[in-house]
Protein chains: 2
Amino acid sequence: MTTPDTPAIRILLADDHALVRRGVRLILDREPDLEVVAEAGDGAQAIDLARTHEVDLAVMDIAMPRMTGLQATRELVALKPEVRVLMLTMHDNEQYFFQALKAGASGYVLKSVADRDLVAACRAAMRDEPFLYPGAVTALIRNYLDRVRHGEEPPDQVLTAREEEVLKLVAEGHSSKEIARILFISIKTVHRHRANLLHKLGLRDRLELTRYAIRAGLIEA
Amino acid sequence: MTTPDTPAIRILLADDHALVRRGVRLILDREPDLEVVAEAGDGAQAIDLARTHEVDLAVMDIAMPRMTGLQATRELVALKPEVRVLMLTMHDNEQYFFQALKAGASGYVLKSVADRDLVAACRAAMRDEPFLYPGAVTALIRNYLDRVRHGEEPPDQVLTAREEEVLKLVAEGHSSKEIARILFISIKTVHRHRANLLHKLGLRDRLELTRYAIRAGLIEA
DNA sequence: CGGGAAATGGGTACTGGAGCCCATCGACGG
DNA sequence: CCGTCGATGGGCTCCAGTACCCATTTCCCG
């Protein structure tokens with residue numbers, strides 16, 4: 001419990017599924033110290049609402065149309081550094097976890113957690129305590145530390161605009177020839193970008209690029 | 001509103017994300033005529049619970065671990081034909097939609113709908129009225145449901161067990177060689193199954209098979 | 001019993017993905 | 001001003017994926 005005179009945490013809720021937003025809102029609004037003050041259906045809308053509302057915490061889905069949660073987090077943190085961001089995701093995925101932290105998120109919570117944990121994560125994020133979502137994190141951190149010790153820096157996953165463009169097209173099933181025609185570049189350049197993507201993301205082939213793009217919310221399945 | 005003496009609709013809620021379950025439950029339990037009597041975290045558990053609980057309606061996510069919502073729906077309908085199934089999904093996808101109907105679902109609701117619509121869909125499903133998510137194709141759906149109920153379902157693109165097995169492995173990124181080793185068959189047979197899959201589903205390559213498998217809930221992205 | 005479907009496997013050929021080498025050009029920062 | 005990096009493009013090789021041909025075995029159904 002919190003002290004009665006503590007002002008409620010003002011929350012911006014961003015998720016592309018209205019049903020999920022509604023459910024999460026019901027969960028959060030039951031807490032006296034949490035108050036959902038705005039709801040966004042995509043990343044761009046979340047940024048807009050953050051401009052016009054007084055917000056302490058953004059609870060944001062990682063995969064949203066128009067602008068992914070990761071991208072929105074980057075912009076939001078740049079725009080209003082005092083706003084904390086709690087990433088909400090269905091993916092228990094190491095890559096995502098670090099991407100979220102790199103983007104500036106204060107916490108990372110799976111949709112498979114219980115409602116009490118979500119509430120706890122909100123409060124922890126506001127206290128600048130990293131919320132450790134159940135289970136996996138210990139293994140994640142150990143893994144991460146191991147790789148750092150072995151000099152295997154996790155692959156830098158900052159894609160250039162052009163690479164992201166190519167990634168989308170590849171994942172949508174276009175052949176190199178088609179992509180070359182679409183982007184007005186040669187097939188070889190498509191190959192180069194794709195090779196860079198594979199290397200940067202530590203993936204093996206187009207198929208894994210596709211799954212990555214779907215996970216990242218760049219395209220729909 | 002419903003008449004006071006109508007017994008509440010007993011609902012089995014199946015979704016792999018505890019947070020979503022909780023939210024949906026809060027939405028449904030606010031209605032006097034709806035009562036969530038059981039929660040399952042995957043398809044197999046949903047079947048188990050359906051055996052041991054009196055259930056009128058199953059609200060089921062289409063993509064779940066262990067057993068997909070589609071598969072669980074098939075088994076549930078076979079096991080207890082009187083139970084209605086409402087598919088809950090984030091995919092606004094025609095393929096999915098018909099797959100769900102084919103599996104025996106009475107309704108199909110996107111997670112992007114408002115909470116009122118979910119409640120309406122539950123009531124509609126119990127009255128054997130198809131709830132239509134974008135509202136467009138009422139007649140088409142009614143027609144289709146009629147045909148299915150009368151057993152006139154044309155075995156459209158039904159995959160064999162072996163084909164589905166191969167599809168999963170392909171979509172998970174395994175090469176032909178790996179699949180051959182896993183299934184103890186020759187590479188040529190893997191090629192043959194995959195070629196059959198491509199023809200049956202009208203797809204072009206492994207990449208599209210992957211996206212199909214993800215849409216169909218056979219694998220996670 | 002006969003026919004069809006499913007599962008198995010072989011051959012041959014082409015295409016396209018992917019790894020590896022190379023180079024040029026412009027922008028940006030130290 | 002020079003080095004790095006992103007974007008561009010070419011050549012080369014290897015091999016996996018895909019198409020199209022063929023066959024056998026098993027099993028179920030009419």
Side-chain angles (χ1 to χ4, degrees), chain A residues 71 74 78 102 152-214 218-219, chain B residues 71 74 78 102 151-214 216 218-219:
Chain A
Q71 206 173 327
R74 283 186 210 102
K102 210 177 284 183
E152 272 182 53
E153 193 65 15
D156 190 9
Q157 299 185 344
V158 183
L159 304 183
T160 68
R162 200 55 158 173
E163 282 167 349
E164 194 168 302
E165 222 169 342
V166 173
L167 171 55
K168 268 193 201 176
L169 292 168
V170 169
E172 280 167 2
H174 297 286
S175 69
S176 300
K177 201 184 296 179
E178 290 170 340
I179 297 174
R181 194 173 37 74
I182 293 170
L183 298 181
F184 298 106
I185 57 181
S186 87
I187 293 185
K188 286 306 293 185
T189 306
V190 176
H191 286 167
R192 164 108 344 260
H193 286 310
R194 195 177 45 203
N196 288 341
L197 283 166
L198 292 177
H199 192 257
K200 273 194 184 180
L201 301 174
L203 305 178
R204 292 194 313 185
D205 50 32
R206 307 155 61 224
L207 195 147
E208 293 198 342
L209 279 180
T210 299
R211 302 203 300 173
Y212 177 88
I214 291 172
L218 286 175
I219 65 162
Chain B
Q71 186 62 33
R74 284 187 207 101
K102 208 178 286 182
E152 295 172 28
E153 182 192 7
D156 201 355
Q157 307 290 21
V158 182
L159 304 185
T160 68
R162 201 55 159 170
E163 282 167 348
E164 195 167 303
E165 222 170 340
V166 173
L167 172 55
K168 268 193 203 176
L169 292 168
V170 169
E172 280 167 0
H174 297 287
S175 69
S176 301
K177 200 185 295 179
E178 289 171 339
I179 297 173
R181 194 173 36 75
I182 293 169
L183 298 181
F184 298 105
I185 57 181
S186 84
I187 292 186
K188 288 305 294 185
T189 306
V190 177
H191 287 167
R192 159 96 7 248
H193 286 310
R194 195 177 45 202
N196 288 341
L197 283 167
L198 292 178
H199 280 126
K200 275 193 182 181
L201 301 174
L203 305 178
R204 292 196 308 181
D205 49 32
R206 306 156 61 225
L207 194 147
E208 293 198 342
L209 279 180
T210 299
R211 301 203 301 173
Y212 178 87
I214 291 172
L218 286 175
I219 65 163

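A note on names: the letters A, B, ... follow the listed sequences, proteins ahead of strands, and every chain is numbered from 1.
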Each nucleotide of nucleotides 23-30 of chain D classed B (base within 4.0 Å of a protein heavy atom), S (only sugar-phosphate) or -, in 5' to 3' order, makes --------
Find the distance between CD1 (A:Ile179) and CD1 (A:Ile185) and round it off to the nearest 0.5 Å. 8.0 Å
N or O in side chain of A:His193 less than 4.0 angstrom from D:dT8 OP1/OP2: yes
Using 0.5 Å steps for rounding, measure from the NE2 atom of A:His193 to the NZ atom of A:Lys188. 12.5 Å
In whole angstrom, what separates B:Leu207's CG from D:dA16's P? 18 Å
How would you give the extent of chain A contacts on DNA chain C, as first and last nucleotide 5' to 3' within a 4.0 Å heavy-atom cut-off? C:dG17 to C:dC21
What's B:Ile187 touching, base or sugar-phosphate or nothing? Going by heavy atoms closer than 4.0 Å. nothing
For nucleotides 3-5 of chain D, print each protein N/O atom paired with a nucleotide N/O atom at under 3.5 Å, atom names and distance only.
none

Give the nucleotide from the list D:dC12, D:dC20, D:dT8 with an atom nearest to the side chain of B:His199. D:dC20
Straight-line distance of B:Tyr212 OH to B:Leu167 CG, nearest 0.5 Å: 7.5 Å
Please give, in whole Å, the distance from D:dC12 P to A:His191 NE2? 16 Å
Positions of residues 167-179 of chain A (non-hydrogen atom under 4.0 Å from DNA chain C), listed by number: A:Ser175, A:Ser176
Under 4.0 Å, counting only non-hydrogen atoms across every strand here, what does A:Asp205 touch: a base, just sugar-phosphate, or nothing? sugar-phosphate
Check: A:Leu169 main-chain N/O paired with A:Glu172 side-chain donor or acceptor under 3.5 Å: no
Candidate pair B:Glu165 and B:Lys168, rule salt bridge (charged side-chain N to carboxylate O under 4.0 Å, His left out), full reasoning: CA-CA 5 Å; B:Glu165 222 170 340; B:Lys168 268 193 203 176; over 6 Å; no
Pick base, sugar-phosphate or nothing for B:Arg194, based on heavy-atom distances below 4.0 Å to the nucleic acid. base
After noting the C-alpha distance and the side-chain angles of A:Asn196 and A:Val166, does the key distance pass the side chain to side chain contact (heavy atoms under 4.5 Å, CB included) rule? CA-CA 11 Å; A:Asn196 288 341; A:Val166 173; over 6 Å; no
So for the helix from C:dC1-D:dG30 to C:dG30-D:dC1, with five pairs setting each end axis, what is the inter-axis angle to 10°? 40°
Value for OG1 (B:Thr189) from CZ (B:Arg194), rounded to nearest 0.5 Å, stands at 12.0 Å
Given the rule in the side chain to side chain donor-acceptor pair (under 3.5 Å) test, do B:Arg211 and A:Thr210 qualify, once you have shown the distances and angles that lead to the verdict? CA-CA 8 Å; B:Arg211 301 203 301 173; A:Thr210 299; over 6 Å; no
Hey, are the side chains of A:Asp205 and B:Arg206 touching, using non-hydrogen atoms and a 4.5 Å cut-off? yes
Output the rounded distance in Å from CD (B:Glu208) to P (D:dT18). 10 Å
In Å and rounded to the nearest 0.5 Å, what is the CG to CG distance from B:Leu197 to B:Leu203? 8.5 Å
DNA chain C nearest-nucleotide lookup for B:Phe184 and B:Arg206: closer to the 5′ end is B:Phe184
Between A:Thr189 and D:dT8, is there a contact of a side-chain N or O with OP1 or OP2 at under 4.0 Å? no
Identify, with sequence neighbours excluded, every residue that meets side chain to side chain contact (heavy atoms under 4.5 Å, CB included) alongside B:Glu178. A:Arg204, B:His174, B:Ser175, B:Arg181
Could you tell me the separation between the CD atom of A:Glu164 and the C1' atom of D:dG6, rounded to a whole number of Å? 15 Å
Value rounded to 0.5 Å, distance of CG in B:Leu198 from NE2 in B:His191: 11.0 Å
Heavy-atom closest pair (B:Ala213 atom, B:Ala171 atom, distance to 0.1 Å) is CB-CB, 3.5 Å
